[in-house]
Amino acid sequence: MAEAPVKEKREPAGMDADAAQTERELTDGFHLVIDALKLNGINTIYGVPGIPITDLGRMAQAAGMRVISFRHEQNAGNAAAIAGFLTKSPGICLTVSAPGFLNGLTALANATSNCFPMILISGSSEREIVDLQQGDYEEMDQLAMAKPLCKAAFRVLHATDIGIGVARAIRAAVSGRPGGVYLDLPAKLFAQVIDAEAGTRSLVKVIDPAPAQLPAPAAVKRALDVLKTAKRPLIILGKGAAYAQADEAIRALVEKSGIPFLPMSMAKGLLPDTHPQCAGAARSTVLKDSDVVMLIGARLNWLLSHGKGKTWGEPGSKKFIQIDIEPREMDSNVEIAAPLVGDIGSCVSALLAGIEGKWPAPSADWIDVVKMRKEANIAKMAPRLMKNSAPMDFHNALGALRTVIKERPDTILVNEGANTLDLARGIIDMYQPRKRLDVGTWGIMGIGMGFAVGAAVETGKRVLAVEGDSAFGFSGMEVETICRYGLPVCVVVFNNNGIYRGTDVNPAGAADVATTVFVKDARYEKLMEAFGGVGVRVTTPDELGRAVAEALNSGKPTLVNAVIDPAAGSESGNIGKLNPQSVVGKK
Ligand code: ADP
Ligand code: TPW
Ligand code: MG
């Protein structure tokens, strides 16, 4: 399609009325990108401005979109990724070329590994110069870099293709297994001017972007046949189940079948952790002793010990049924006796319909075993959660936060760290779907403030971010962003003076502190005060509970510096066994 010649860069924000009059019938790349997003119901952009996308952000704001500017692209990308998880619509991250793009790329790759739909839109430099490697401003072949790290990557060179480019990006992000998509928009594209009517015609409204994928009837029957043989069944709910928003069907399946369920971290709250069938507190027993395991939107990756080994009991002692939209996920680690490929809503509904109310009850022994193990573990933990001591340890500090969440079950909990993560996951009960957001499949540090901002912006709900002091440092500068937009986020920094513990010493006895140790007694709360938010330092669980309750009640940006005994943590939290240790010449 022919393009109108570009006379000069259009600056609509600063345009005078006459110029606007004469150019009314024209549009340009900037406008078409914005129109294409809006046409598809996308009204929020997370990003960092600069060449060549500064005007895009301005004009998006002028067009009524919410444009949230961050201090670092990785955090903007994480906000977009979690927006995708929470809404099933791709979150948009907008970055400048090369360095900004690279900063956003970690978030894009992380979104893809977690199956969150997001689109990283990045401006890029001139193709002609980049491809000849002639040293352009921020030169980089971004499309090639992005490709192996995301689900799909596209570049648009002509303004008339923007509609198709955005449509392809949306479809790729949300259909099938969701993931990250890269959309490369070279600087020249934004200034390309075309006839406004042709521009409008070129836009695409994506119809049914994530079509239902129905499971084959034979696969449903096979799954039910396997389920009927079970004496000690278990349902594992993963974050795919949370993402699918098939909450009622999943609840019906669990409750009608009477099968104990185990939620993965971000599936907590899909059914309340306090539900009588929740086996969270009997995790090792149910994994080891179950005979049929139905996975719903959960992968048998490292987080589930790959479905084999000691965690899973005797080899060959169980059969797996797996519900997933991605056929290639089947048999990824062990044999899947009944693969059920389709979207979770359709698969679970098909199972419910297929069984026609005649559920084979799990054996009474099994229910009893799970119940007893669970009650014993909960009773064992209880006194540690209630002890009021200064300094706090992880258990009593988290005990206080557990009560705050119980009283405010629609609060969104963001969580990262090592001990701070692993113990919070076990201690803080969740009550509603998609309220727990954390480090996900990679166990990545740095999602904290990006997720907190994204969650607050997308849902309007209160957010509590429970952060290890190390974890917080990866995105801590975004407290300014939280204050700037007045978001109802309360950050609690579990301040144990370091990574895992604050007590390590330099084995060489030299002046440098140990590699895992930070400045002692750092005053993290002052960081929030610096930008006009509320900062509080607390040393007891009672003080912690009160400070957080007040922050969530008021909705004011708050940072609570929770002083934790530096000796309380363990190396790598719950996953110390993955940590290789030298036995040779260790001092
Ligand atoms: P967890 O870490 O909670 O175990 P994973 O991220 O490993 O969860 O697994 C999520 C799985 O859910 C992925 O295999 C993904 O393909 C699948 N999934 C995501 N959305 C859907 C959906 N709507 N229907 C079916 N499967 C889905
Ligand atoms: C992007 C490695 C895993 S956990 C952690 C690091 C650096 C911090 C643990 O200390 P924290 O928690 O947050 O103070 P606590 O309660 O145990 O003291 N870089 C990235 N991701 C990961 N996972 C790491 C490094 C790591
Ligand atoms: Mg720490």
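Counting starts at 1 for both ligands and their atoms, in listed order.
Put simply, the side chain of Ser305 never gets that close to the backbone of Gly307: no donor and acceptor are under 3.5 Å apart. With hydrogens and angles ignored, the 3.5 Å screen pairs a side-chain donor or acceptor of Asn114 with a backbone N or O of Thr441. Proximity of a side-chain donor or acceptor of Asp429 to a complementary backbone N or O of Asp273 within less than 3.5 Å is not detected. A distance-only check finds a donor-acceptor pair linking the side chain of Asn506 to the backbone of Asp512 [under 3.5 Å]. Distance alone, capped at 3.5 Å, places no donor-acceptor pair between the Asn377 side chain and the Ala282 backbone. Judged by distance alone, the side chain of Lys318 and the main-chain N or O of Lys288 form a donor-acceptor pair under 3.5 Å. In this structure a side-chain-to-backbone donor-acceptor pair under 3.5 Å is missing from Asp504 to Ala514. Judged by distance alone, the side chain of Asn396 and the main-chain N or O of Asp393 form a donor-acceptor pair under 3.5 Å.
In this view, Asp343 and Ser346 satisfy the side-chain hydrogen bond (donor to acceptor under 3.5 Å, both in side chains) rule, not counting sequence neighbours.
When heavy-atom distances to ligand 1 are checked against a 4.0 Å cut-off, Ala298 comes that close through both its backbone and its side chain. Looking at Leu304 against ligand 1, nothing comes within 4.0 Å, counting heavy atoms. With a heavy-atom cut-off of 4.0 Å, Met264 touches ligand 1 through its side chain alone.
Looking at ligand 1, you won't find any N or O of Glu329 less than 3.5 Å from one of its N or O atoms. Note: an N/O pair closer than 3.5 Å links Ile325 and ligand 1 by distance alone. The shortest N or O to N or O distance between Asp343 and ligand 1 is not below 3.5 Å. For a threshold of 3.5 Å applied to N or O pairs, the pair formed by Ile344 and ligand 1 contains at least one separation below that value. The shortest N or O to N or O distance between Glu326 and ligand 1 is not below 3.5 Å.
Heavy-atom distances between Gly342 and ligand 1 reach below 4.0 Å in at least one pair. The closest approach between a heavy atom of Ala267 and any atom of ligand 1 is not below 4.0 Å.
A perpendicular orientation is assigned to the rings of Phe261 and His275, their planes being inclined by more than 60° (bins at 30° and 60°). Ring geometry for Tyr524 against Phe472 counts as perpendicular: the plane angle is over 60°, on a 0 to 90° scale with 30° as the lower cut.
Interface of Arg177 with ligand 1, defined as ligand atoms under 4.0 Å from a residue heavy atom, comprises 13 (C), 14 (O), 15 (C), 16 (O). Close approach of ligand 1 to Cys115 (heavy-atom distance below 4.0 Å) involves ligand atoms 13 (C), 15 (C). Taking every non-hydrogen atom of Asn301 and a distance limit under 4.0 Å, the qualifying atoms of ligand 1 come out as 7 (O). Listed by atom number, the atoms of ligand 1 under 4.0 Å from Gly238 heavy atoms are 3 (O).
Nearest protein heavy-atom contact of atom 18 (N) of ligand 1 is Gly240 CA, 4.0 Å. The protein non-hydrogen atom at the shortest distance from atom 1 (P) of ligand 1 is Lys239 N, 3.7 Å. Among all non-hydrogen protein atoms, the one lying nearest atom 10 (C) of ligand 1 is Gly297 O, 3.1 Å. Atom 23 (N) of ligand 1 has Ala244 CB, 3.8 Å as its closest protein atom, hydrogens excluded (heavy atom only). Of the protein's heavy atoms, Asp324 OD2, 2.5 Å lies nearest to atom 14 (O) of ligand 1. Shortest contact from atom 20 (N) of ligand 1 to any protein heavy atom: Tyr243 CD2, 3.6 Å. Remark: minimum distance from atom 5 (P) of ligand 1 to any protein heavy atom is reached at Arg299 NE, 3.4 Å.
Using a 4.0 Å cut-off between a side-chain N of Lys or Arg and a carboxylate O of Asp or Glu, Arg299 and Asp324 do not qualify as a salt bridge. A salt bridge between Asp521 and Arg523 is absent, with no side-chain N of the basic residue lying under 4.0 Å from a carboxylate O of the acidic one.
Around atom NZ of Lys520, more than 12 heavy atoms belonging to other residues, nucleotides or ligands sit under 6.0 Å away. Counting non-hydrogen atoms of other residues, nucleotides and ligands closer than 6.0 Å to NZ of Lys319 gives a total of 12 or fewer. Heavy atoms from other residues, nucleotides or ligands lying under 6.0 Å from CZ of Arg177 number more than 12.
Judged by the 6.0 Å and 45° rule, Lys88 forms a cation-pi pair with Tyr243.
Residue Phe320 holds its CZ atom at 5.0 Å from CG of Leu300, rounded to the nearest 0.5 Å.
Listing protein N, O or S atoms at distances below 2.8 Å from the Mg ion (ligand 3), with waters left out, gives Asp469 OD1, Asn496 OD1, Gly498 O.
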Between ligand 2 and the protein, which N/O pairs are shorter than 3.5 Å?
residue	atom	partner	partner atom	Å
ligand 2	12 (O)	Ala418	N	3.2
ligand 2	13 (O)	Ala471	N	2.9
ligand 2	14 (O)	Asp469	N	3.2
ligand 2	14 (O)	Asp469	OD1	2.6
ligand 2	14 (O)	Ser470	N	3.0
ligand 2	14 (O)	Gly498	O	3.0
ligand 2	16 (O)	Thr420	N	3.1
ligand 2	16 (O)	Thr420	OG1	2.6
ligand 2	17 (O)	Asn419	N	2.9
ligand 2	17 (O)	Asn419	ND2	2.9
ligand 2	18 (O)	Asn496	OD1	3.2
ligand 2	18 (O)	Asn496	ND2	2.9
ligand 2	18 (O)	Gly498	O	3.1
ligand 2	18 (O)	Tyr500	N	3.1
ligand 2	21 (N)	Met445	N	3.1
ligand 2	23 (N)	Gly443	O	2.8

Under 3.5 Å, sequence neighbours excluded: what are the donor-acceptor pairs made by side chains of residues 206-221?
residue	atom	partner	partner atom	Å
Lys221	NZ	Asp225	OD2	2.8

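Phe85 is listed as a side-chain neighbour of Arg434, based on a closest heavy-atom distance under 4.5 Å.
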